[in-house]
Amino acid sequence: MSIFLEFIPSLFVALAFDFILYITGAGVLRVISFGLSKYQLHSYSEYKQLKGKSNNGYLVPYVIGILFYALIIVSIAWLN
């Protein structure tokens with residue numbers, strides 16, 4: 001039972017990072033497409049609700065968010 005209680009905080013952190021990566025990816029896609037992107041910026045409660053129903057529409061912004069932060073880290077490492 002105590003092992004289960006240790007995973008609860010890490011689950012909340014994973015959900016928060018998931019949301020942050022989605023929002024970043026959707027924002028980057030919206031900027032690149034000059035506002036014509038079909039990905040909406042949901043609040044956290046809407047995001048959890050909609051992600052539970054279908055996972056297909058959230059993959060592209062999620063990957064773009066990961067690539068955006070990876071690009072920032074690589075550029076900082078390269079410039080130093």
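Side chains are part of it too, since the values below use all heavy atoms of this structure and drop only hydrogens, waters and symmetry mates. Just so we're clear, the structure is a prediction, and the values are computed from it rather than from any experiment.
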**OP:** Can you sort out the partners of I66 under side-chain contact (heavy atoms from CB on, under 4.5 Å), two or more places apart, ordered by chain and number?
**Re:** L21, Y62
Original post:
Is it the case that one hydrophobic cluster holds both I32 and Y69, taking links as side-chain heavy atoms less than 4.5 Å apart, direct or via other members?
Top reply: yes
Original post:
Same cluster for I23 and I20 if Ile/Leu/Val/Met/Phe/Trp/Tyr side chains link at under 4.5 Å?
Top reply: yes
Original post:
Cluster question for you: counting only ILVMFWY and a side-chain heavy-atom cut-off of under 4.5 Å, with indirect links fine, are V28 and I73 together?
Top reply: no
Original post:
How long is the span from the CD1 atom in I72 to the CG atom in L67, to the nearest 0.5 Å?
Top reply: 11.5 Å
Original post:
Of all heavy-atom pairs between A26 and P61, which one has the smallest distance, and what is that distance?
Top reply: N-CB, 3.7 Å
